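Note: hydrogens, waters and symmetry copies are ignored here, and every other heavy atom, side chains too, is used. Note that this is a predicted model, so its numbers are computed, not measured.
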Amino acid sequence: MTRSQAEPRRLMSFSTAGLPTAQRVALWEDHNRSALIGLRCRMLGETPFDGTELNLQLDHMHLARVRGNAHVVERPAEVIRTSPSDSIAVYLAVLGEAFFYHEDGVLTLRPGQALICDADRPFMRGFSRGLEELAIKVPRATFRELTGLDELRAPLVRDFAQGDASARTLARLVDRALRPDGGEPIDEATTLHLIAGMTGRIAAVPGTVHLANARAFIEDHLTDPGLTAARVAAGIAISERHLSRAFAATGTSLPQYVLARRLERARTLLLAHPRPPVAEVAARCGFGSTKYFAQTFRTHFGHRPTDLPRA
């Protein structure tokens, strides 16, 4: 277990709110140079810059949640020389369209899309209506070990809103890790394997990627009583055979995992105040029958759902 799994990490926050207007851009550049990736920043109009950033440094990567109003950032050759990153960057767009100029052309990113690029190749990014995004910085040596690639000659775009299962799971994990209330622990190995999967270089770790994608899909569909292995496999674009193997490697099966997650979610709901009716909890956790839910809950936890506050 890596330290990032065992110990909670402290989110570091930076905001331009309250800073002198004339110094905001320079201080934003200073912060990103030290915390993430060195960039030049300029405004698109007369409105003062307004930005916030949550940063989380882990053992093998750096995560950030970035919000800002309309502006442009550049990473030209001179900035790369004076502030080399030696890393690969992943940007997951949450709000606001963005353009990305690079050596071979221009890309437009919509919310729900992910961009993977080499941070030490010149680029320009613009946010005409502001932005909210999740950013990941992966050291080049780590990226090379995962994918066999020493660099990315051209940026890659993946759709995490609906298309790419690995990108969707990655966005979910990073979003949860960077919640302002403290976030959830993140498994670095799984996160890195998902990034490798987005590049198409997953030959050595398909089981890890498939398992992470399946678990994320299951969490999003626990309320569906018809959640089957076939539906999960189709949802993450793999065969049922590969899905079964991924769960078997953990010592369980997909139906056992789904049932356990439903029961844990039900227990959480039953501990809430005020407590919802048992029938409502059963429905919200994907149980088609209240009677079956009560029986299964008692078998799993050793007491009835209605006895939980006294257990």
Side-chain angles (χ1 to χ4, degrees), residues 11-58 61-140 151-152 154-157 171 174-175 177-178 180:
L11 289 172
M12 304 299 293
S13 178
F14 177 84
S15 174
T16 61
L19 297 177
T21 299
Q23 299 178 28
R24 289 185 180 185
V25 167
L27 292 172
W28 182 258
E29 291 177 342
D30 289 345
H31 170 75
N32 278 277
R33 187 180 303 111
S34 60
L36 195 56
I37 295 172
L39 299 165
R40 287 179 183 169
C41 175
R42 59 185 174 85
M43 301 307 295
L44 293 174
E46 299 300 321
T47 303
F49 181 70
D50 181 20
T52 62
E53 188 170 297
L54 285 175
N55 296 95
L56 182 62
Q57 179 64 54
L58 302 174
M61 72 184 85
H62 185 99
L63 310 180
R65 183 189 296 274
V66 185
R67 295 186 177 98
N69 57 353
H71 68 287
V72 172
V73 295
E74 301 175 76
R75 186 159 169 79
E78 55 266 34
V79 171
I80 294 171
R81 284 194 298 270
T82 58
S83 183
S85 173
D86 201 24
S87 64
I88 302 298
V90 183
Y91 299 106
L92 301 137
V94 178
L95 295 173
E97 289 191 351
F99 67 77
F100 180 85
Y101 280 105
H102 59 104
E103 295 168 317
D104 298 320
V106 60
L107 299 169
T108 300
L109 263 74
R110 302 183 307 275
Q113 291 186 316
L115 172 75
I116 310 174
C117 66
D118 194 315
D120 285 342
R121 299 179 76 89
F123 64 77
M124 176 189 295
R125 305 181 68 214
F127 316 97
S128 60
R129 297 183 180 179
L131 84 151
E132 178 180 348
E133 69 179 10
L134 306 171
I136 309 167
K137 183 175 74 173
V138 181
R140 191 178 305 279
E151 62 180 346
L152 282 178
L156 304 173
V157 176
V174 176
D175 177 69
L178 292 171

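Look at R140 and D120 and you find a salt bridge, because one of the NZ, NE, NH1 or NH2 atoms lies within 4.0 Å of a carboxylate O, short of that distance. By the 4.0 Å N-to-carboxylate-O rule, R40 lies close enough to E78 to be salt-bridged with it. Between R121 and E151 there is a salt bridge, since at least one side-chain N of the basic residue sits less than 4.0 Å from a carboxylate O of the acidic one. Salt bridge annotation for E74-R42: present, with a cationic side-chain nitrogen under 4.0 angstrom from a carboxylate oxygen.
Under the 30°/60° scheme for interplanar angles, the aromatic rings of W28 and F14 are found to be tilted.
For the residue pair H71 and C41, the shortest heavy atom distance occurs at CD2-SG, 3.7 Å. The two atoms that bring T52 and S15 nearest to each other are CG2-OG, 3.4 Å, heavy atoms only.
Side-chain contact between C117 and L152: absent, with no pair of heavy atoms (C-beta onward) separated by less than 4.5 Å. By the 4.5 Å heavy-atom criterion applied to side chains, V79 and L39 are not counted as neighbours. The shortest side-chain heavy-atom distance between L36 and H62 falls under the 4.5 Å cut-off. Side-chain contact between F127 and V72: absent, with no pair of heavy atoms (C-beta onward) separated by less than 4.5 Å. Counting heavy atoms from C-beta outward, E132 and P111 have side chains that stay 4.5 Å or more apart. Using a 4.5 Å heavy-atom cutoff, the side chains of I88 and D118 are in contact. Under the 4.5 Å side-chain criterion, counting only non-hydrogen atoms from C-beta, L134 is in contact with L178. In this structure, the side chains of P180 and L54 come closer than 4.5 Å at one or more pairs of heavy atoms.
A centroid separation of 6.0 Å or more is found between the aromatic rings of H102 and F123.
The main-chain N or O of N69 is never found under 3.5 Å from a side-chain atom of D50 such that the two would form a donor-acceptor pair. The main-chain N or O of R110 is found under 3.5 Å from a side-chain atom of Q113 such that the two form a donor-acceptor pair. Not one N or O on the side chain of R75 forms a donor-acceptor pair closer than 3.5 Å with the backbone of P122. Under the 3.5 Å distance criterion, the side-chain polar atoms of E53 are left unmatched by any main-chain donor or acceptor of R67. Between the side chain of Q57 and the backbone N or O of M61 there is at least one donor-acceptor pair closer than 3.5 Å.
Judged by the 6.0 Å distance and 45° axis criteria, R125 is not positioned over the aromatic ring of F99.
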Output, in order, the C-alpha distance, side-chain angles, deciding distance and verdict of side chain to side chain contact (heavy atoms under 4.5 Å, CB included) for V138 and S87.
CA-CA 5 Å; V138 181; S87 64; 5.8 Å; no
Which is it for L92 and E133 under the side chain to side chain contact (heavy atoms under 4.5 Å, CB included) test, yes or no, and what are the steps along the way?
CA-CA 5 Å; L92 301 137; E133 69 179 10; 5.9 Å; no
If you apply the rule side chain to side chain contact (heavy atoms under 4.5 Å, CB included), what do you find for E97 with L109, and how did you get there?
CA-CA 6 Å; E97 289 191 351; L109 263 74; over 6 Å; no
Take L63 and L58 through the side chain to side chain contact (heavy atoms under 4.5 Å, CB included) test and state the conclusion after the steps.
CA-CA 8 Å; L63 310 180; L58 302 174; 4.0 Å; yes
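Distance check, rounded to the nearest 0.5 Å: CG of N32 to OG of S83 gives 10.0 Å. The distance from atom CG of L115 to atom OG1 of T108, rounded to the nearest 0.5 Å, is 11.5 Å.
Results of the side-chain hydrogen bond (donor to acceptor under 3.5 Å, both in side chains) test with N55 over K137, H31, R65 single out H31 as the only residue that passes.
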